[in-house]
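In the text below, chain A, chain B and the rest are named by the order of the sequence lines, each starting its count at 1.
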Amino acid sequence: MTRQDKITRAFKQVGTRPPRPDGIDKVTGRAMYGADMTAPGMLWGKVLRSPHAHARIRSIDTSAAEALEGVKAVVTGADFTLPEDDFYRDVAVNCMAQDAALYDGHAVAAVAAVSEAVAKAALKLIKVEYEVLPHVIDVDAAMTTGAPVVQPGRAYENVPEGMSENVTSHCEFGHGDLAAGFAKADVIVERSFRTAATHQGYIEPHACLASMGGDGRADLWCCTQGQFHVREVCAEILGMESSQLRVTASEIGGGFGGKTTVFIEPVALALSRKAGRPVKIVMKRDEVFRATGPTVHSSIDVKIGMTRDGRITAGEAHLRYSGGAFPCGTVDMGAQSAFAAYDLDAVRTFGWNAMTNRPKEAAYRAPGAPQAIYAVESVVDELCQKLGLDPLDVRILNAARKGTKSAYGPTFDEIGLLATLEAAKAHPHYTAPLGPNQGRGLSCGFWFNFGGNTCVTMNLAFDGTVTITEGNPDIGGSRASISLMAAEELGIPYDKVRTIVADTASIGHNDITDGSRVTFSVGLAAIEAARDAIAKMCARVAKIWGIDPDAVEWKDGAVHPSGPNAGKFPPMTLAEIAATSPNTGGPIAGHYEVNADGAGVSFGVHLVDVEVDPETGATKVLRYTVFQDAGKAVHPDYVEGQMQGGAVQGIGWALNEEYIYGEDGRLQNPGFLDYRVPVASDLPEIETVILEIPNPGHPYGVRGVGETPIVPPLAAISNAVSRAAGVRLTELPMSPPRILKALSAQG
Amino acid sequence: MQYERPQSTAEAARLLHGATGPARILAGGTDLIVQMNAGVAEPALVVDIKRIAGLRDIVAEDGGFRIGAAVSCAEMGEHAALAAAWPGIVEGANLIGSTQVQGRATMAGNLCNGSPAADSVPGLVAAGATARIVGPEGERDCPVAEIPAGPGKTTLKPGEFVASFFLPGRPARASDAYLRFIPRTEMDIAVASAAVNLVLAEDGSVAEARVALGAVAPTVRLVDAAGAALVGTRLEEDALEALAKACRDACAPIDDKRGTIEFRTKVAGVLARRAALIAYTRAGGRT
């Protein structure tokens, strides 16, 4: 993609708010979700899960289950051939344990039977002989030498000898002279923080239907953020060729990163292969909590030095993350994003991942960034308090901007941080009066954003309507946004364009819906596919008129004669060109394939007021405003929706959500009763302010917006609570018992 | 699993008495169905009591109210006279679950589920309510306070079930209140709770007071010393502090995923103070 130096286009449709094409289906129940698919002769699959946090599997006796009437197949780890590649092998072992159960809820066997009741009864007949092993749940405990080892021999070469075998990787980022930086500081604050593992909390549990024929060809319908990734992982685990497995993504009831991997899909395929019939698996909520990916839990030390007038002289962070029972690279993203909002001469971050007996981490919106930025933004706030400085002024003074060498290496291009900070400062929220026991907090947020492999086809029907075929499940209104961009480029109304999400056999590879990439890269590809179709339409019309293709131009949805030919022929509209296309060379389609670059980083600032009940430690969120750079908000409703949704998930993370383990290493709250996501009445209206600083990497200036909004809430709320309570909180969630304890300790 | 829908309490008692395996009563099903789905309860017999005459009625009796065991919490909230006389009990019942759950859930189910955190129970105990119990040997009346026996347990004998509650009549200048602490604003389980039932004298001082705490012990606690701390006072600061202290002293909670011993104990006192002030104001008192 060439760099767009200045985007001055006056949009006609981009920036409007038409209804989303999937809206009516979703509110009427017509939409097909993961569990809605059925097939003739279908069996029900169910998974047996380990009740132990860590145990060697000595034997599994499935004979009684196989003998039960109605049971058609039973599989265990022995039914899977492990891929050689570490990444795929870890996914496979996570889907079905091999010689050891690595966490409470780890799958150890599965059955397919004629009904759910028979499948459930069959699970009880499977005899697993476990040798219970010592377990470790906490990341700091896992890093101590002598801790129970989750998996031996998994450390990368960059981990120094002598550390616990649970430590799998180490990373380091930054530049400048830390010692010299700290020497320049008037005040240095050093603090340690902890954050609990949180789950993405999507409403729809994982569900799939797998059907493998005797010829080894298979179809899989599932709820996922990336059907191509599902195809590749499942093909690898089942020893199939990718083209022999067709994966169709259902509508999705929330993903937030958690549906970027597989859990039950390879199991359903293996059961179907064995039974010779379609097999459906639908997870129960407790399985979702116990066995799918929460985010990492973390332990972080941050040290920052500041001059009396608010200039940060040096920043240092040590991050210890655990992505559960497998190696995990999420800490790298935490270590890179921790200080991204600041223009610093001296900065260094160090990251470590350690395995614990918890479920394998899955991505959760901006994975790794919220924890790191929470710790950094808490310390910045404390420095502002200590020095009597305005926390927004300090951030403006130190803000990264175009040309700043970022803390993780690259030099920033056009970024919107300063604009969002200034918008926050100018907003009435920032100066509104506060009452007793109330506090105001703020935090910056950052995410890299991603582009990636993308492939779009645009087909013109003979009646002049347009179908866009793309390959990314729509998790945030992307079909509406893609249709809008295509309609804009083609100069036809939005309702003449229908965007559909195709299966893996119907279009080329598309990377997962992740990294806030879809509106950016699929949008870009849709615009380019439209331009491809436009070029073809121009050529057709030039042929009809008998003039050179260079002698026509595309304007307002029609081909016009241009230059010396201007006015010689009446313009031909898209509909007219489509209608005559059988006579001019056949159907017209546009294509575009790209590994998109230039996603453009994203910054946001959140401002929040809270009230803390000093007698109970309860926090009420009173007012919340999100400021974020969207590059260009294609469909502002869905941009605001992302900003509000991220804020709400962050509020839950900050105040109540956490994975709670007992002494026995078992998860104690695998349900929405005791895993407390916020309910509507917990929340104020989340106000949004969209800034538009165009991204030079996109033809319309679009930046991804989906992930950044979950980054600032943790620190913004912690800073607000700390100011309201008069005591600095350093552990998430800030549940009422924790706040009351901090208040009591303070006296 | 056998499902029965008897027409009378006697028939229900016969069915329960004759059960050959685990038997459960079904009213709203907001606990039972969830437990069955989770595989925690696997009853051989389910006796649905919603078709038994009178069990879905709220009727006046002896100046008070009789509330059938199958009356939903939402129906209680819609009963103006009941809500006026016993606002604390009604608000406790209407904190259970969500709006949808309250349309099905019953106080009898809430009581017999045996949770120390049951939201409708402290109010009933503070009110001095009695439960009418039907069993193989006929009917008996029992104070609600004597029914819980520990988490998941009641003192009901095999074959017995709760058919109704009786709330006594109210003198003028009497009211009650219930407060619970939850980390969210709704759809949650009490971490600690307090119900306060007050009768005021003509001069506005407290003549009678009963205070019950939930979620701070294996069963609901009726705290005599807490009630005594209020009698003769107008809820002055020292009376409220004495009330809070008596409540804290009566707590014997556990540390668990919902709260700590320290937190539950402190907050029980706070809730009792706040509930007492609400009940006092409702009864016409002025602090």
Self-check item: Under 4.5 Å from a heavy atom of chain B, the part of A:Asp674 involved
Solution: side chain

Quiz prompt | A:Ser735, part contacting chain B, at a heavy-atom distance under 4.5 Å | solution = neither

Practice problem: Against chain B, label A:Tyr675 side chain, backbone, both or neither, depending on which of its atoms sit under 4.5 Å from a heavy atom there. | Solution: backbone

Quiz prompt | Proximal component of B:Arg264, with respect to chain A [non-hydrogen, under 4.5 Å] | solution = neither

Quiz item: Quick one: do A:Asp138 and A:Arg194 make a salt bridge, cutoff under 4.0 Å?
Solution: yes

Exercise. Name, in order of residue number, those residues of residues 103-117 of chain A that have a heavy atom at a distance of less than 4.5 Å from a heavy atom in chain B; otherwise write 'none'.
Key: none

Practice problem: Let me know if B:Lys257 has heavy atoms under 4.5 Å from chain A in its side chain, its backbone, both or neither. | Solution: both

Quiz item: Does a side chain donor of either A:Thr292 or A:Tyr202 reach within less than 3.5 Å of an acceptor in the other side chain?
Solution: yes

Self-check item: Under 3.5 Å donor-acceptor, B:Arg282 side chain and B:Asp176 backbone
Solution: yes

Quiz item: What residue, out of B:Lys266, B:Met187, B:Arg274, has the most heavy-atom pairs lying under 4.5 Å from chain A?
Solution: B:Arg274

Self-check item: Set of side-chain hydrogen bond (donor to acceptor under 3.5 Å, both in side chains) partners for B:Glu241, sequence neighbours left out
Solution: B:Arg248, B:Arg273

Quiz prompt | Polar side-chain atom of B:Gln102 near backbone of B:Asn94 as donor-acceptor pair, under 3.5 Å | solution = yes

Exercise. Verify, without hydrogens or angle tests, whether A:Asn656 (side chain) and B:Arg184 (backbone) share a donor-acceptor contact under 3.5 angstrom.
Key: no

Quiz item: With distance as the sole test, does A:Gln644 use its side chain to make a donor-acceptor pair with the main-chain N or O of A:Ile686 at under 3.5 Å?
Solution: yes

Practice problem: Identify which part of A:Ile660 has an atom lying under 4.5 Å from any heavy atom of chain B, answering side chain, backbone, both or neither. | Solution: side chain

Quiz item: Can we say B:Glu42 and A:Lys124 salt-bridge, meaning some charged N sits less than 4.0 Å from an Asp/Glu carboxylate O?
Solution: yes

Practice problem: Sort out for me which residue in A:Glu687, A:Glu685, A:Gln438 forms a side chain to side chain donor-acceptor pair (under 3.5 Å) with A:Arg623. | Solution: A:Glu687

